[in-house]
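Just so you know, ligand 1 is whichever comes first in the structure, and atom 1 is the first atom listed for that ligand. Along the sequence shown, residues are numbered consecutively beginning with 1. No experiment lies behind these values; they were computed from the predicted model shown.
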Amino acid sequence: MAFTTIAGTGGYLPERVMHNREFESLVNTSDEWIRERTGIKRRHVAADDETTSDMALAAANRAIEAAAINVEDIDLIIVATTTPDKVFPSTACILQRHLGIHNIPAFDVHAACSGFMYGLDIADRFIRTGGASCILFVGAESYSRIIDWNDRSTCVLFGDGAGAVILTAGDEPGILSTHIYADGQYEELLHVPAGVSSGFDLLKSQAAFIQMKGNEIFKKAVSTLGAIAREALAANNLDKHDIDWLVPHQANLRIIRAAAKKLDLPLEKTIITVDEHANTSSASIPLALDVAVRDGRIKRGNLLLLEAFGAGLTWGSALVRY
Ligand code: ACO
């Protein structure tokens, strides 16, 4: 049986950088409040004519280059996104067209901020069972499109971007294990109520924007991330002290700190991009991974714990030998 290896990573952030101070003229907030409560200093915002698939393409090209593969080697495309270009076809199919690849499967995964963990789980199963041997997996999001720019409790939290990995079949792991969960009973803690089957009128109302009970999400995130980290370690007979790097979903620095503390990991062993990127949902883990691989912190052989929590509610973790 084959194992899944991360052969290369890539990231893309839109050119426009929006600093906290810019929100001070939009809503009743301050740079100080945003930094203190979230750790966010700035975020990137997609241009008006820039789509999720455009960002996915840029990240994908960088991952393809880093993995030193040819586009023709790719035999499956997965895109994790909650902000697709179109209702259909999937953003993965649009990305496939941009890349000029034909006759391979391509599909989207929709698990909000846990999208990267869900897609990684699926990709790993494809490779382990021989269904694919070279997967392009991208997390890409345009949350600026589903933010109510008049709602201070959500508009300061999110950013746009894309992160990509090339996953190939290898003789040694690679991905040691993945663990994904959901509990739909918490649907209304974090949602965009509008949708196609709810009727297009809703899409022209406040229902088209993110609605969140931030405080409740915060508490659930902290306790759940602790539990899935323990589960991933136990599944591999590993100890928390074996972890070289924690690469968490980047929602809030306080959540990340709490997760690191539970693992006895100093913040220096935690990859943090929330200050620069804010919460880019499905894109946040692959973007963080790419930043740390490229700046040399994450090295081949390192043990990585990836973990995420998001709308659904959904959550997941993975242990990866990079
Ligand atoms: N500026 C100033 N004040 C603000 C702002 C703001 N931007 N936002 C909220 N406040 C106010 C609130 O109105 C409230 O005021 P009140 O006491 O007068 O009512 C006060 O600050 C405290 O509000 P809380 O919600 O209790 O603040 P908290 O410390 O919990 O921080 C935050 C809010 C940052 C949203 C935090 O709860 C959080 O990060 N939650 C988790 C978000 C998250 O992780 N989402 C998950 C993933 S997203 C996805 O899946 C798509």
To check your reading of the model: name the closest protein heavy atom to [atom], its residue, and the distance in Å.
{"atom": "atom 18 (O) of ligand 1", "value": "Arg152 NH2, 4.7 Å"}
{"atom": "atom 44 (O) of ligand 1", "value": "Ala251 CB, 3.4 Å"}
{"atom": "atom 46 (C) of ligand 1", "value": "Ile217 CG2, 3.6 Å"}

Evaluate His249 for polar contact with ligand 1, using N/O atom pairs at a separation under 3.5 Å.
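No: no nitrogen or oxygen of His249 is under 3.5 Å from one in ligand 1.
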
Taking the minimum heavy-atom distance to atom 28 (P) of ligand 1, which of Arg37, Met212, Lys220 ranks first?
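Looking at heavy atoms only, the winner is Arg37.
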
The one among Trp33, Phe158, Phe309, Trp315 that brings a heavy atom closest to atom 27 (O) of ligand 1
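Going through Trp33, Phe158, Phe309, Trp315 one by one, Trp33 has the nearest heavy atom to atom 27 (O) of ligand 1.
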
Measure [X] to ligand 1 on non-hydrogen atoms and call it side chain, backbone, both or neither using the 4.0 Å cut-off.
{"X": "Ile210", "value": "neither"}
{"X": "Asn215", "value": "both"}
{"X": "Cys113", "value": "both"}
{"X": "Thr82", "value": "neither"}
{"X": "Thr29", "value": "both"}
{"X": "Val27", "value": "neither"}
{"X": "Tyr143", "value": "side chain"}

Spacing of Arg321 atom CZ and Asp242 atom CG [to the nearest 0.5 Å]:
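These two atoms lie 7.5 Å from each other.
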
If you count heavy atoms of other groups shown closer than 6.0 angstrom to NZ of Lys220, is the number above 12?
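No, because the 6.0 Å sphere around NZ of Lys220 holds 12 heavy atoms or fewer from other groups.
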
Counting heavy atoms not belonging to Lys86, are there more than 12 under 6.0 Å from its NZ?
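No, not enclosed.
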
Under-4.0 Å salt bridge between Arg21 and Glu24
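Yes, this pair counts.
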
Closer than 4.0 angstrom, basic N to acidic O: yes or no for Glu276 and Lys41?
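Salt bridge absent between Glu276 and Lys41.
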
Does any non-hydrogen side-chain atom of Ile180 lie less than 4.5 Å from one of Ser114?
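They are not in side-chain contact.
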
Could you walk me through whether Glu22 and Arg16 pass salt bridge (Lys or Arg N to Asp or Glu O under 4.0 Å), step by step?
CA-CA 12 Å; Glu22 289 187 57; Arg16 160 122 163 80; 2.9 Å; yes

Any protein heavy atom lying closer than 4.0 Å to atom 23 (O) of ligand 1?
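No, there is none.
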
Looking at Tyr322, does the NZ or CZ of Arg300 lie under 6.0 angstrom from its six-membered ring centre and within 45 degrees of the ring axis?
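The answer is yes; both the distance and angle limits are met.
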
